[in-house]
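Here the structure is a predicted model, which is why all the values come from computation and not from measurement. Throughout, protein chains are lettered first and strands after them, A, B, ... in sequence-line order, and every chain is numbered starting at 1.
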Protein chains: 2
Amino acid sequence: MTRVTIKSIARDLGISHMTVSRALSNHPNVQKETREAVLKRAEELGYVRSSAAAAMRGEDTRIVGLLLPNITNEFYARYANALALECDRRALHLIIHLTNDDIRLEAEALRRLREVQARSVVMVPAPGEVDPALPADMRAIQLIRRRTEGPAILVDDSDALTAAVLQLARAGHARIGYVGAVPSLSSGHNRRAAYRAGLARAGLPFDTTLEVTGAPTHELGRTGATRLCEAGADALVCGGFEIASGALATWLEHTEGGKRVSFVGYGDTASYPWIRDGIASISVPVEALAGRTAALLAGELAPDGPDHGFKAEFVVRGSAN
Amino acid sequence: MTRVTIKSIARDLGISHMTVSRALSNHPNVQKETREAVLKRAEELGYVRSSAAAAMRGEDTRIVGLLLPNITNEFYARYANALALECDRRALHLIIHLTNDDIRLEAEALRRLREVQARSVVMVPAPGEVDPALPADMRAIQLIRRRTEGPAILVDDSDALTAAVLQLARAGHARIGYVGAVPSLSSGHNRRAAYRAGLARAGLPFDTTLEVTGAPTHELGRTGATRLCEAGADALVCGGFEIASGALATWLEHTEGGKRVSFVGYGDTASYPWIRDGIASISVPVEALAGRTAALLAGELAPDGPDHGFKAEFVVRGSAN
DNA sequence: CTGAAAGCGCTAACAG
DNA sequence: CTGTTAGCGCTTTCAG
């Protein structure tokens with residue numbers, strides 16, 4: 001049983017494959033009966049158009065790539081979920097590659113997306129000193145972090161982070177620690193600055209032993225939280241999704257005995273309200289980000305330039321007292 | 001700046017496109033210098049092979065489809081994560097479509113995967129009375145649930161569910177409620193049977209008001225848990241991932257005042273150990289499932305027949321007392 | 001209204 | 001070792 005093509009249908013019906021093509025694409029110049037016969041036969045045989053052939057002719061593949069560090073972190077999962085729904089609605093194919101924030105895996109994924117002629121890629125750029133130019137034949141939209149120029153969907157969380165620090169200070173904490181990404185990443189730089197701004201506004205002294213930065217991973221969260229606790233921090237502020245997930249695990253172990261260390265996570269993890277007295281956090285509007293991304297992908301929005309339109313919010317819960 | 005093809009490289013170098021093709025695919029019959037010149041030029045120009053052209057010639061597209069109800073549920077997220085990693089490792093493209101357990105969205109996704117000539121699909125079959133045959137030109141691997149014949153990766157959770165009921169009975173509960181999928185789904189049928197077996201073995205009476213079934217959604221979890229609590233249940237057992245996520249939310253609200261209703265969730269949600277005294281649950285070996293799937297996809301395993309090789313486990317935590 | 005030809009990028013099968 | 005031809009599925013263009 002070989003593939004059903006317009007030619008096989010044409011042979012089957014004793015007509016030219018062009019007539020079949022026209023019938024299937026609703027071209028007016030086909031006799032009614034012929035058209036119906038074609039449509040019927042195509043249906044019976046389960047014909048589907050080959051998108052490979054279409055792509056070869058230069059048609060849009062309707063493939064969108066999504067490059068994420070992982071998809072277990074709830075922020076990325078929710079983002080991917082929302083984006084996948086939007087893509088399905090718009091008949092776009094979403095190809096997901098996980099980079100694990102590794103720049104080599106990222107490069108490999110980009111290469112393969114070029115092979116399939118993806119029309120655009122949405123990517124959380126992996127951290128890295130070098131600056132591999134993003135491919136020009138696909139439109140790249142950077143998410144959350146910005147490594148190079150071009151369109152980006154970013155979140156302004158400065159006020160939220162500052163507010164978190166102020167709240168902790170108000171609650172009587174004087175040694176507020178911070179774990180975040182390396183300052184070479186846009187997000188790492190800005191978030192740490194916001195943390196420092198919070199300290200300044202609270203009139204608290206600045207202490208580098210209370211700052212841990214590194215590659216924004218779960219692991220950094222774990223080790224960073226440990227280091228900060230050992231350094232005598234009485235509160236922890238997280239500067240990233242992955243980091244928060246690691247730091248939370250450490251914090252839960254560390255404060256099991258009832259030690260009074262406060263905690264502010266990052267992102268809207270569903271279980272945050274249910275853990276202990278509730279985990280305070282920096283809330284990021286995931287669905288809105290995904291919606292905007294989809295609009296960009298569908299060309300419903302101006303394609304160029306950065307996009308700082310989103311604001312994070314500080315959500316107070318028990319862990320911030 | 002038009003696309004870089006073997007022909008454009010050939011023109012550029014003043015040779016035939018076949019020589020370029022051979023050079024790029026390591027065919028022996030190319031003069032060393034020519035080969036090097038080609039490779040160099042290809043590199044410079046950023047040539048990538050068109051997989052559309054390859055697909056048209058009948059080559060494998062290396063595209064794998066993944067159809068999931070959603071990707072926010074931690075089980076699906078972790079599964080997708082693991083599978084995506086395996087696929088990246090094996091240079092497979094993973095296209096994710098979300099079905100929301102809607103059989104029409106599922107059909108649409110399958111049609112589009114046939115268009116791109118996906119070699120295989122991994123799918124959690126949507127619930128539905130009708131039985132749309134799975135397409136024959138792609139290999140379909142059913143996950144968790146089984147709607148029709150063909151290879152499937154299933155989990156045997158009977159013993160775990162029975163054990164959960166027994167544990168609750170031991171803890172002194174007599175009105176143990178169950179929320180699960182409709183029995184027309186293989187998983188719905190088996191899980192309810194295991195729940196009932198638990199009751200029987202505990203010597204507890206059988207009570208249909210303590211059983212709620214429906215489409216396996218978060219919503220069913222919410223409403224089902226409410227109904228069961230109103231029916232006077234003193235313990236809840238969940239028969240599915242989505243259901244557990246909904247039921248947990250309801251349960252947390254309902255028992256806030258300290259009412260003593262016990263709870264057994266489904267799946268290995270990371271936060272389960274941290275909520276209240278820990279949420280007991282049916283633990284499913286996600287990573288193993290994904291590993292087996294990948295092996296099947298890569299053809300490293302016998303492709304046919306069912307696969308019941310996985311066992312779920314009951315994990316006791318505070319919520320089961 | 002219908003058909004034949006050409007070409008998208010690539011390689012197998014033949015010529016040289 | 002290198003080049004030419006043909007064909008994968010499809011549509012655009014041109015000829016009936």
To the nearest Å, give me how far apart [atom1] ([X]) and [atom2] ([N]) are.
X	N	atom1	atom2	answer
L45(A)	dG9(D)	CG	C1'	16 Å
R11(A)	dC8(D)	CZ	C1'	12 Å
R3(B)	dC8(C)	CZ	C1'	10 Å
I9(A)	dG9(D)	CD1	C1'	12 Å
N29(A)	dA15(D)	CG	P	17 Å
L13(B)	dC1(D)	CG	P	18 Å
H17(B)	dT11(C)	NE2	P	9 Å

Quiz item: Picking from R112(A), Q117(A), R111(A), what satisfies side chain to side chain donor-acceptor pair (under 3.5 Å) with E115(A)?
Solution: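 Of all the options given, the one that passes is R111(A).
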Exercise. Nearest 0.5 Å please: distance from the NZ atom of K40(A) over to the CD atom of E33(A).
Key: 13.5 Å
Quiz item: At what distance, to the nearest 0.5 angstrom, does CD1 of I144(B) lie from CZ of F310(B)?
Solution: 10.0 Å
Quiz prompt | Sorted by number, the residues of residues 50-57 of chain B with heavy-atom contact under 4.0 Å to DNA chain D | solution =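 Per residue number, the list reads M56(B), R57(B).
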Self-check item: Check: dT11(C) base within 3.5 Å donor-acceptor of H27(B) side chain
Solution: no
Exercise. Report yes or no: do S8(A) and Y47(A) form a side-chain donor-acceptor pair below 3.5 Å?
Key: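 Side chains of S8(A) and Y47(A): no pair found under 3.5 Å.
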Would you indicate which nucleotide in [options] comes nearest to any side-chain atom of [X]?
X	options	result
S16(B)	dT2(C), dC10(D), dT4(D)	dT4(D)
M18(A)	dT11(D), dG3(D), dT2(C)	dT11(D)
S21(A)	dT11(D), dA12(C), dC8(D)	dT11(D)
R22(B)	dC14(C), dC1(D), dC10(D)	dC14(C)
V30(A)	dA5(C), dC8(D), dT2(C)	dT2(C)

Quiz item: Under 4.0 Å between a side-chain N or O of R35(A) and OP1 or OP2 of dC1(C)?
Solution: no
Quiz item: Are any of T19(B)'s side-chain N or O atoms less than 4.0 Å away from OP1 or OP2 of dG3(D)?
Solution: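 For T19(B), the contact criterion (side-chain N or O under 4.0 Å from OP1 or OP2 of dG3(D)) is met.
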Exercise. Evaluate the ring planes of H97(B) and H93(A), with Trp represented by its six-membered ring, and classify them as parallel (under 30°), tilted (30 to 60°) or perpendicular (over 60°).
Key: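 H97(B) vs H93(A) ring planes: perpendicular.
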Practice problem: State whether the side chain of N81(B) and the backbone N or O of I71(A) hold a donor-acceptor pair below 3.5 Å, judged by distance alone. | Solution: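 Here the side-chain-to-backbone pair exists.
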Quiz item: If each of K7(A) and E59(A) is mapped to the nucleotide of DNA chain D with the nearest heavy atom, which maps nearer the 5' terminus, i.e. the 5' end?
Solution: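 Its nearest nucleotide lies further toward 5', so the answer is K7(A).
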Quiz item: Relative to the 5' end of DNA chain D, which residue comes earlier, I15(B) or V4(A), by the nucleotide with the nearest heavy atom?
Solution: I15(B)
Quiz item: Minimum heavy-atom separation for S21(B) to S25(B), with atom names?
Solution: O-OG, 2.8 Å
Exercise. Just call it for S25(A): base, sugar-phosphate, or nothing, with non-hydrogen atoms closer than 4.0 Å on any strand.
Key: nothing
